[in-house]
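Read through the structure below, which is laid out as structure tokens, and then see the notes.
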Protein chains: 2
Amino acid sequence: MIEKIATIEDVAEHAGVSIATVSRALHKPHVVSESTREKVQTAIAATGYTANVMARNLRLNRSGMILLLVPDIGNPFFSEILSGIEQGASKAGYNVLIGDTQNEPEREATYAAYLRSNQADAMILLNGRLPAPLANTPRGIIPPVVIACERIPGCNLPTVIIDNEKAAHSATKHLLDLGHSRIAHIAGPASNILTTDRVAGYRRALSSSGIEANPSLIYSGDFSIESGISAARALLKDSKNRPTAFFCSSDGMAIGVIVAAKELGLRVPHDVSVVGFDDIHLAANYDPPLTTVRQPRRRLGEQAISLLLARLDKTGTIPEPAENPVIVPTELIIRQSTGPCPN
Amino acid sequence: MIEKIATIEDVAEHAGVSIATVSRALHKPHVVSESTREKVQTAIAATGYTANVMARNLRLNRSGMILLLVPDIGNPFFSEILSGIEQGASKAGYNVLIGDTQNEPEREATYAAYLRSNQADAMILLNGRLPAPLANTPRGIIPPVVIACERIPGCNLPTVIIDNEKAAHSATKHLLDLGHSRIAHIAGPASNILTTDRVAGYRRALSSSGIEANPSLIYSGDFSIESGISAARALLKDSKNRPTAFFCSSDGMAIGVIVAAKELGLRVPHDVSVVGFDDIHLAANYDPPLTTVRQPRRRLGEQAISLLLARLDKTGTIPEPAENPVIVPTELIIRQSTGPCPN
DNA sequence: GCCTCTTGTGTAAACGTTTTCATTATCTAT
DNA sequence: ATAGATAATGAAAACGTTTACACAAGAGGC
């Protein structure tokens, strides 16, 4: 009484038809007669048949998988992006396979090989780096890959990002408008392209107000609360020339700055103003509620997957450049962590 | 000059051997002679061969996929669990396929069918519910499924959870020890098994201190900050019999309570103490830092995947019951949101 | 009544692997 | 020398599908 999984052959036998007919009854019902269609249906029900997807995919030379390369799946920042992607993919009949690269190029390469080995039909990169095997794709052939979150300079694959320079500019401008002039910037890791773009926006805002950016006011963090704390401790130590405002490249670091400020008995925003980046869920309920640049993470994911699906639909066709990269808009959310410059 | 992907046949031809030999050179190198092994290696390099995983899996009747059913991938709570799972799976050569069920039984059923259709070798359930197709598995056959996070009553599949009753007890006990007696509980959704368990722990702690649980002090939230805010507003309104302490079933709701308390000019912990649950990353850096029950999310994921891998290794063998469920320990982290009962 | 067109079905090839079995060549022990 | 073991390889079956092609039967037009 061994449990044997029913194959298409069992169904065919049970219905008294050929396996071809069973297959057709399932995928091209209109070419098979009403009566046999019914026979097949009852046979399927009787046998408990479920098509072996692997066999099917082998034949059709597709996998139905979309591979998603993420630097760290443990980072909640990605979860909402992921959700947007998953939803779109699922609606189109694709499954999402997560590849956690841990920022290791080797793992990126391993996963990128999934495309060649038919384990995935397409790929979305959230990791800001082109995996090695992809870099030497023969010219003229455009791999089914979409880049999201972090643009990759010199790579003209379809991309969906926010305008980091502009967002940083508007955040800094907000502080300038409040009368601040000693504005510190807690940036991301230097290696990161986001950092470059946001520093540029910060600089442009300052210089258009006639202020020269002071390099000693720019700190490199790693997006974490802890790095925000230590940056702020260092910058606020010197009570004489301390900055009156901080523009931080993540909400985490902004929170770190606030923690450090409170530690020193400074009030936010009375003594020091703080702007974050991302608008994580807690930003609105921190104390004080955080002024920040909202990053539409779900939209980012949705755009990425829809770009990819469009690409997959017209395989073979040379996709018109369209607008590339696609920019999803950010929004400066003004809450209570920013206020006028003291005296 | 069409890009044609090399198959094992191309390699065989290039090396002047049969495809069987190529396959053996790759998977059983010891049975093939040194010289041909080399020939095959150079042929592989020359052709750029990558094995077609789908064909391989079809033949081997496996998929190398572990399906992970999550109620909402957008919820950051799961990201660290996921990370633990992904790491273990990846080390064992498995890929993780995420199934976002949105709490819809229909989607759960769809995904559970992946097991039958060979799209996944095994499954981990984080959603606290047995998908319908799994419920009527013939007795005696144990499907390769592990349950994590939320136990499923009456289901004796391998399970890894925390002891919610005990954790809730220790959190409540902490408040009792500080002299509180009017202790409110902001619970999760009533339908949730976590809620039942934690309410039980809360009740047991009270009654062992000779206090009778007051039903009007128990509120049902949905784990969100917002639900914590509205619960606390309602409970703190009556300044006469207001609770002096809150035990909340999530850090989000605890933060909501603090927000609402501050709104009313109450100080935490001076006027009201608050305990959360989960120990999310921000808990330590909220104002005040949150006393909470730490839930080892990564460990949870690691345990789940290792249970599953053990199960997969000894297929056919009847797995000894072992300790089931596996309990991963929680820890009460005392920070500054709790203090002695006022007056 | 014959040709053609349509409709429904079956046969068999193909997808790219792994593995059983048979075959040959080489080696060891008598 | 010869039987028997050992080592290396190839031929072909199998995994479970989809689909090109062939075929039979009935319908319609002359």
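Chain A is the first sequence line, chain B the second, and so forth, proteins listed ahead of strands; every chain is numbered from 1.
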Query raised in the report: Which comes earlier along DNA chain D counting from the 5' end, the contact point of Arg56(A) or that of Ser33(B), where each point is its nearest nucleotide?
Result: Ser33(B)
Requested in this report: Check every strand shown and say whether Asn52(B) touches a base, only sugar-phosphate, or nothing at a heavy-atom separation below 4.0 Å.
Outcome: sugar-phosphate
Query raised in the report: Should Thr159(B) and Ile152(B) count as side-chain neighbours, where that means a heavy-atom distance under 4.5 Å?
Result: no
Report task. Taking only the side-chain nitrogens and oxygens of Thr21(B), find out if one of them lies under 4.0 Å from OP1 or OP2 of dG10(D). Result -> yes
Requested in this report: For Gly16(A) and for Ala20(B), find the nucleotide of DNA chain C with the closest heavy atom, then tell me which residue's nucleotide is more 5'.
Outcome: Gly16(A)
Report task. I would like to know whether Asn118(A) and Asn61(A) meet side chain to side chain donor-acceptor pair (under 3.5 Å); could you show each step before the answer? Result -> CA-CA 7 Å; Asn118(A) 267 349; Asn61(A) 197 35; 2.8 Å; yes
Query raised in the report: Nearest-Å distance, CD (Glu9(B)) to P (dA12(D))?
Result: 13 Å
Query raised in the report: Going by modelled atom types, is there a donor-acceptor pair between the base of dG8(C) and the side chain of Arg37(A) at under 3.5 Å?
Result: no
Report task. Taking atom types as modelled, find out whether Arg129(B) and Thr101(B) have a side-chain donor-acceptor pair closer than 3.5 angstrom. Result -> no
Requested in this report: Using a heavy-atom cut-off of under 4.0 Å over every strand shown, decide if Leu60(B) touches base, sugar-phosphate, or nothing.
Outcome: sugar-phosphate
Query raised in the report: Would you say the side-chain atoms of Ser117(A) and Arg56(B) include a donor-acceptor pair closer than 3.5 Å?
Result: no
**Report entry** Phosphate OP1/OP2 of dA8(D): any Thr36(B) side-chain N/O under 4.0 Å
**Finding:** no
Query raised in the report: For Arg62(A) and dT17(D), what is the distance between atoms CZ and P respectively, to the nearest whole Å?
Result: 15 Å
**Report entry** Nearest-angstrom distance from the residue atom CG of Asn57(B) to P of dC15(C)
**Finding:** 19 Å
Query raised in the report: Contact class for Val53(A) (heavy atom, under 4.0 Å): base, sugar-phosphate, or nothing?
Result: nothing
Report summary line: In whole angstroms, the gap separating P of dG16(C) from CZ of Arg24(B) amounts to 20 Å
Requested in this report: Please report, rounded to the nearest Å, how far the C1' atom of dG16(C) is from the CG atom of Asn61(A).
Outcome: 10 Å
Query raised in the report: Do Arg311(A) and Val146(A) touch side chain to side chain, with heavy atoms closer than 4.5 Å?
Result: no
Query raised in the report: In whole angstrom, what separates Ile44(A)'s CD1 from dT17(D)'s C1'?
Result: 13 Å
Query - Ala55(B) side chain, from C-beta outward: closest of dT17(C), dG10(D), dT9(C) - result: dT17(C)
**Report entry** Euclidean distance, atom CD1 of residue Ile19(A) to atom P of dT11(C) [Å, nearest integer]
**Finding:** 10 Å
Requested in this report: Find the distance Lys28(A):NZ to dT7(C):C1' and express it as a whole number of Å.
Outcome: 15 Å
**Report entry** Under 4.0 angstrom between Ser23(B) side-chain N/O and dT19(C) OP1 or OP2
**Finding:** no
